[in-house]
Amino acid sequence: MIIRFEGFDNSIEVKAGLVSELAVCNKTLFSRMVSSLLSERGELALEPYRLFSETLDPVASRGAFLVIESPFNLPWDNRQIAGALYSIVEARVFEEDEYRMELENQAESLRKSIGRFALSFQSDFRFDIEWDLKKFLKAFGYRIDLPEDASLLDNVTQFFSLASDVEFRKPLVLVGFDNYFCENDLKVMYDQAVFLGIPLLVMQNEPSSLSTRYLKKHIIDQHFLES
């Protein structure tokens with residue numbers, strides 16, 4: 001994906017195998033750009049922008065990427081990611097007839113147990129909806145098991161792994177993560193994103209001193225000059 005902010009010459013390429021760093025040194029402009037991406041309004045945003053595919057075809061701004069404003073509030077419950085997780089688990093389980101039959105038998109056993117309990121009522125009861133694995137996973141909060149003592153870096157890399165597992169291909173936009181991690185941790189984070197094929201755009205106030213073959217830097221200084 002390519003992002004072009006109105007009024008600026010340089011385009012920002014965001015794709016798998018590349019980490020794009022956008023350092024906006026003017027804090028007012030930085031906040032306006034972040035707000036614009038969060039709004040998903042494209043050319044109607046506070047700082048208008050346009051999106052293009054790698055072949056320069058226009059891309060709709062709505063839902064084009066996932067903006068993460070803080071490593072303390074990772075979007076584990078993002079609807080698209082969670083839905084993809086449930087679908088993949090269901091598909092993998094049902095690939096094996098043995099697992100599928102085992103789960104269906106257990107579901108039937110649960111229905112019969114509840115049915116026997118309901119015999120004590122004067123009214124008659126039944127289940128209107130067949131057992132559904134995806135609904136079961138959602139109802140019982142099936143999600144990543146994070147240790148309580150996991151570090152902030154571990155949480156972020158686990159989220160990257162989840163995005164990879166569910167084949168979430170949209171770019172992730174990390175806002176101000178340099179405020180919470182040393183540069184060595186940032187490099188570990190970026191290495192993981194590149195390894196997993198996650199398109200990554202990092203937005204911050206100051207350019208980092210990191211230098212790797214996959215890191216492409218875009219700098220807008222206090223006077224809106226680009227480099």
Can you see which heavy atom on Met1 is nearest to which on Ala64, and at what distance? CE-O, 3.4 Å
Under 6.0 Å from the OH atom of Tyr99, do we count more than 12 heavy atoms belonging to anything else shown? no
For Glu98, does its backbone N or O pair with a side-chain atom of Glu96 as donor and acceptor, under 3.5 Å? no
Value for OG1 (Thr28) from CD (Gln222), rounded to nearest 0.5 Å, stands at 9.0 Å
Would you say Phe140 has more than 12 foreign heavy atoms packed within less than 6.0 Å of its CZ? no
I would like to know whether Glu183 and Lys187 meet salt bridge (Lys or Arg N to Asp or Glu O under 4.0 Å); could you show each step before the answer? CA-CA 6 Å; Glu183 289 197 343; Lys187 185 178 183 305; over 6 Å; no
Suppose we call two aromatic rings close when their centres sit under 6.0 Å apart. Are Tyr180 and Phe72 close by that rule? yes
Would you compute the distance between atom CE of Met203 and atom CE of Met33 and round it to the nearest 0.5 angstrom? 6.5 Å
What distance do Asn10 atom CG and Ile220 atom CD1 have between them, rounded to the nearest 0.5 Å? 8.0 Å
Flag if over 12 foreign heavy atoms under 6.0 Å of CG, Asp145: no
Using the rule that two of Ile, Leu, Val, Met, Phe, Trp, Tyr join whenever any of their side-chain heavy atoms come within less than 4.5 Å, decide whether Ile219 and Val173 are in one cluster. no
State whether the side chain of Ser164 and the backbone N or O of Phe160 hold a donor-acceptor pair below 3.5 Å, judged by distance alone. no
Should Leu74 and Val34 be regarded as members of a common hydrophobic cluster, given that ILVMFWY residues are connected when their side-chain heavy atoms come within less than 4.5 Å of each other, either directly or indirectly? no
Would Leu18 and Val188 show up in the same hydrophobic cluster when neighbours are defined by side-chain heavy atoms closer than 4.5 Å? no
Is a side-chain donor or acceptor of Asp57 paired with a backbone partner of Ser53 at a separation under 3.5 angstrom? no
Fit a plane to each ring of Phe5 and Tyr49, take the angle between them on a 0 to 90° scale, and name the class: parallel (under 30°), tilted (30 to 60°) or perpendicular (over 60°). tilted
Has Lys138 got more than 12 heavy atoms of other residues, nucleotides or ligands less than 6.0 Å from its NZ? no
Side chains of Lys217 and Ser227: closer than 4.5 Å at any heavy-atom pair? no
Kindly give the heavy-atom pair with the smallest separation between Pro71 and Val156, and that separation in Å. CB-CG2, 4.1 Å
Flag, side chain of Gln204 to backbone of Glu21, donor-acceptor distance under 3.5 Å: no
Quick check on Tyr142: does its OH atom have over 12 non-hydrogen neighbours (other residues, nucleotides or ligands) under 6.0 Å away? no
Are the side chain of Ser113 and the backbone of Ser109 linked by a donor-acceptor contact shorter than 3.5 Å? yes
For Lys216, does its backbone N or O pair with a side-chain atom of Ser20 as donor and acceptor, under 3.5 Å? no
Rounded to the nearest 0.5 Å, what separates atom CG in Leu215 from atom OG in Ser208? 5.5 Å
Step by step, would you call Leu201 with Ile3 a side-chain contact (heavy atoms from CB on, under 4.5 Å)? CA-CA 10 Å; Leu201 170 63; Ile3 304 175; 3.9 Å; yes
Should Trp76 and Ile81 count as side-chain neighbours, where that means a heavy-atom distance under 4.5 Å? no
For Ser36 and Ala45 the tightest heavy-atom approach is CB-CB, 3.6 Å
Could you tell me the separation between the CZ atom of Phe65 and the NZ atom of Lys170, rounded to the nearest 0.5 Å? 10.0 Å
Once rounded to the nearest 0.5 Å, what's the spacing between atom OG of Ser70 and atom CG of Leu152? 7.5 Å
Can you confirm whether Leu133 sits close enough to Tyr86 that some side-chain heavy atom of one is under 4.5 Å from a side-chain heavy atom of the other? no
Quick one: does Glu43's side chain get under 4.5 Å of Arg50's, heavy atoms only? yes
With a cut-off of 6.0 Å (strictly less than), are more than 12 heavy atoms of other residues, nucleotides or ligands near OH of Tyr214? yes
Is it true that Leu172 and Val175 fall in one hydrophobic cluster, defined by side-chain heavy atoms closer than 4.5 Å? no
